[in-house]
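To start, the structure itself, in structure tokens.
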Number of protein chains: 2
Amino acid sequence: MSEDSSGVEVGQPRWHQVMTELSSAIAAGSFAPGERLPTEAELAERFKVNRLTVRQALAELARAGTIKTVHGRGSFVAELPYRFRLRATTPSIVAQMRGTSTVITQDLLRHAVVPRSDLPDPPALPDDELLRLDTLMSVDGEAWSRDTTWLSAKRFGGVPAVWTPQTSLTGLLLGAYGIVLRRSWRRHSAEPASPQDAAALGVPLGAPLLVLVGANTDPAGVPLSQVHRRSRGDRIEYVVDFDADEDV
Amino acid sequence: MSEDSSGVEVGQPRWHQVMTELSSAIAAGSFAPGERLPTEAELAERFKVNRLTVRQALAELARAGTIKTVHGRGSFVAELPYRFRLRATTPSIVAQMRGTSTVITQDLLRHAVVPRSDLPDPPALPDDELLRLDTLMSVDGEAWSRDTTWLSAKRFGGVPAVWTPQTSLTGLLLGAYGIVLRRSWRRHSAEPASPQDAAALGVPLGAPLLVLVGANTDPAGVPLSQVHRRSRGDRIEYVVDFDADEDV
DNA sequence: TAGTGGTCTAGACCACCGG
DNA sequence: CGGTGGTCTAGACCACTAT
């Protein structure tokens with residue numbers, strides 16, 4: 001990245017220069033976390049570019065999680081980037097996070113019983129009727145991940161009735177059914193946020209999500225549940241520790 | 001997503017409609033994998049919108065990996081989405097992929113010996129001089145992931161001299177040094193592609209990358225290497241299997 | 001209602017690719 | 001060289017938020 005005598009990038013598009021200058025200013029503390037940036041019109045005037053050029057710069061910063069843009073209000077510097085480190089060996093995410101001083105809620109958005117034959121790619125569960133739970137996990141009021149969980153409808157049909165935002169599914173299964181979940185396998189991938197993801201998680205379209213697909217069994221190895229979790233990439237990461245004892 | 005009588009989305013921005021229509025056309029096979037889409041000007045005329053509106057639609061499709069846009073040539077439908085499934089328990093990625101009929105190369109882009117004291121966040125290795133290897137892994141000529149690997153410079157200083165594009169680092173350490181690597185821990189996260197990532201991997205700025213940070217030890221548990229791998233999210237995923245025997 | 005970001009247009013010029 | 005995508009401008013109007 002070459003620069004001229006005044007420290008301005010050379011040979012880069014104008015929007016890229018604006019992006020890095022804003023990024024540097026934020027990193028240098030010229031704008032505090034949570035603070036509002038100048039309006040797009042002001043930035044355009046300050047950088048002597050068109051407003052669209054500013055917008056391209058802001059869009060990239062938003063996708064990277066550096067700022068958060070809200071329609072009608074402005075663009076705000078993100079809170080200090082914090083990524084929650086989750087142990088992949090532990091079935092319950094919510095239980096792990098509850099150990100902290102933050103407020104964790106998991107709302108049940110939808111639930112339905114679906115015949116296995118209706119599913120193009122049914123989960124590997126030994127049941128004909130499957131209970132589908134769509135939940136949204138939030139931390140301090142900020143949505144962090146969307147889950148879709150599949151269970152046996154016959155065995156666990158009562159779960160939606162007793163669900164509360166404080167529910168941890170693993171804890172519920174243990175408490176109400178006496179069942180201990182054991183992780184069987186996990187798949188980790190990175191995907192761009194779909195329009196639905198973007199709306200539910202409050203991230204820009206295309207923002208990186210960390211996606212987990214996995215299965216849990218009972219202690220005997222009988223498949224009990226299958227999970228599909230889409231988490232904000234700037235908030236969640238998974239740790240696999242091969243040295244430590246693999247307990248819960 | 002409501003639609004009017006002709007099946008056109010309603011209440012969505014024009015660029016979003018163009019995006020979904022193109023996406024559907026591709027999914028329906030109107031454009032074969034690898035085929036070139038009409039030019040932006042043609043699409044603008046066909047959809048009766050400005051070229052910028054078409055460009056916003058194409059940009060989202062490119063970030064999602066549906067198409068690949070090349071300056072001066074056009075936009076091309078991506079080859080059938082294929083994601084390589086890598087076992088997280090196995091230290092060597094390259095060795096895993098070599099089992100397939102594809103051509104895997106790993107080019108050594110740069111290497112340097114760095115005093116540990118020069119690093120703001122040094123890897124957990126018991127050495128004062130560290131060898132840094134920057135490599136690029138490609139599959140059938142397409143760049144899939146960039147690695148930065150740290151090793152003891154004293155023990156492994158000869159590695160760069162014997163490197164070839166066919167090298168697997170794990171295999172090399174075993175062959176030339178008689179050392180068996182054992183995975184110690186792994187961290188998986190999702191990040192947007194930086195300008196450097198985008199240039200090296202041929203993806204759009206901000207495209208989702210699957211990032212792995214990890215450490216390996218010798219069989220006795222002594223730290224040997226630390227890895228930082230940034231892979232194309234549309235090409236790589238990691239599998240953690242808790243049921244299978246954890247060998248290899 | 002005023003101020004903010006979100007969308008869209010028309011037009012221009014530049015940078016890259018291929019023959 | 002002609003054709004393609006990449007960047008940028010000026011200007012307009014819409015949608016959302018706060019007061």
Side-chain angles (χ1 to χ4, degrees), chain A residues 2 8-22 31 34-63 66-78 193 195 198-199 202-207, chain B residues 2 8-22 31 34-63 66-78 193 195 198-199 202-207:
Chain A
S2 62
V8 174
E9 293 176 69
V10 136
Q12 291 286 348
R14 209 62 190 86
W15 68 261
H16 194 280
Q17 302 174 22
V18 172
M19 179 183 76
T20 44
E21 288 192 39
L22 284 173
F31 302 101
E35 188 180 344
R36 214 201 70 182
L37 293 181
T39 69
E40 298 181 347
E42 283 170 351
L43 290 171
E45 192 180 8
R46 184 176 312 184
F47 287 108
K48 300 212 188 330
V49 297
N50 187 272
R51 193 182 137 214
L52 271 191
T53 307
V54 168
R55 279 181 60 73
Q56 175 142 15
L58 293 177
E60 294 301 336
L61 291 174
R63 210 178 327 259
T66 308
I67 65 172
K68 180 175 173 91
T69 300
V70 186
H71 191 174
R73 299 220 295 135
S75 288
F76 301 82
V77 177
V203 296
L205 185 60
Chain B
S2 62
V8 174
E9 293 176 67
V10 133
Q12 290 287 348
R14 211 59 192 87
W15 67 262
H16 195 280
Q17 302 175 22
V18 172
M19 179 183 77
T20 43
E21 288 193 38
L22 284 174
F31 302 100
E35 189 180 342
R36 213 202 72 185
L37 293 180
T39 68
E40 297 181 348
E42 282 170 352
L43 290 171
E45 192 180 7
R46 184 177 310 184
F47 288 108
K48 301 211 187 328
V49 296
N50 187 271
R51 194 184 138 211
L52 271 192
T53 308
V54 168
R55 280 181 61 72
Q56 176 144 13
L58 293 177
E60 294 302 337
L61 291 174
R63 214 183 319 266
T66 308
I67 64 171
K68 181 177 172 90
T69 301
V70 186
H71 193 174
R73 299 220 295 133
S75 288
F76 301 82
V77 178
V203 296
L205 186 60

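Here is how names work: the chains are called A, B, and so on, in the same order as the sequence lines, proteins then strands, and each is numbered from 1.
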Mind checking what makes side-chain contact (heavy atoms from CB on, under 4.5 Å) contact with [X], not counting sequence neighbours?
| X | value |
| --- | --- |
| A62(B) | I67(B), T69(B), P204(B) |
| E45(B) | none |
| E42(B) | P38(B), T39(B) |

Do any side-chain atoms of residues 46-53 of chain B form donor-acceptor pairs under 3.5 angstrom with protein atoms, and if so which ones, sequence neighbours left out?
| residue | atom | partner | partner atom | Å |
| --- | --- | --- | --- | --- |
| N50(B) | OD1 | L52(B) | N | 2.8 |
| R51(B) | NE | E40(B) | OE1 | 2.9 |
| R51(B) | NH2 | E40(B) | OE1 | 3.2 |

Quickly work out the [X] [atom1] to [N] [atom2] distance and round it to whole Å.
| X | N | atom1 | atom2 | answer |
| --- | --- | --- | --- | --- |
| L205(B) | dG5(D) | CG | P | 20 Å |
| L61(B) | dG5(D) | CG | P | 14 Å |
| N50(A) | dT9(C) | CG | C1' | 13 Å |

Those residues that, when tested against T66(A), pass side-chain hydrogen bond (donor to acceptor under 3.5 Å, both in side chains) (two or more places apart):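 Result, side-chain hydrogen bond (donor to acceptor under 3.5 Å, both in side chains) vs T66(A): none returned.
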All N/O contacts under 3.5 Å from nucleotides 5-7 of chain C to the protein, with atom names and distances to one decimal?
| residue | atom | partner | partner atom | Å |
| --- | --- | --- | --- | --- |
| dG5(C) | OP1 | E40(A) | N | 3.4 |
| dG5(C) | OP2 | E40(A) | N | 3.0 |
| dG5(C) | N2 | H71(A) | NE2 | 3.3 |
| dG5(C) | N3 | H71(A) | NE2 | 3.4 |
| dG6(C) | OP2 | R55(A) | NH1 | 2.6 |
| dG6(C) | OP2 | R55(A) | NH2 | 3.3 |
| dG6(C) | N7 | R51(A) | NH2 | 2.6 |
| dG6(C) | O6 | R51(A) | NH1 | 3.2 |
| dT7(C) | OP1 | W15(B) | NE1 | 3.3 |

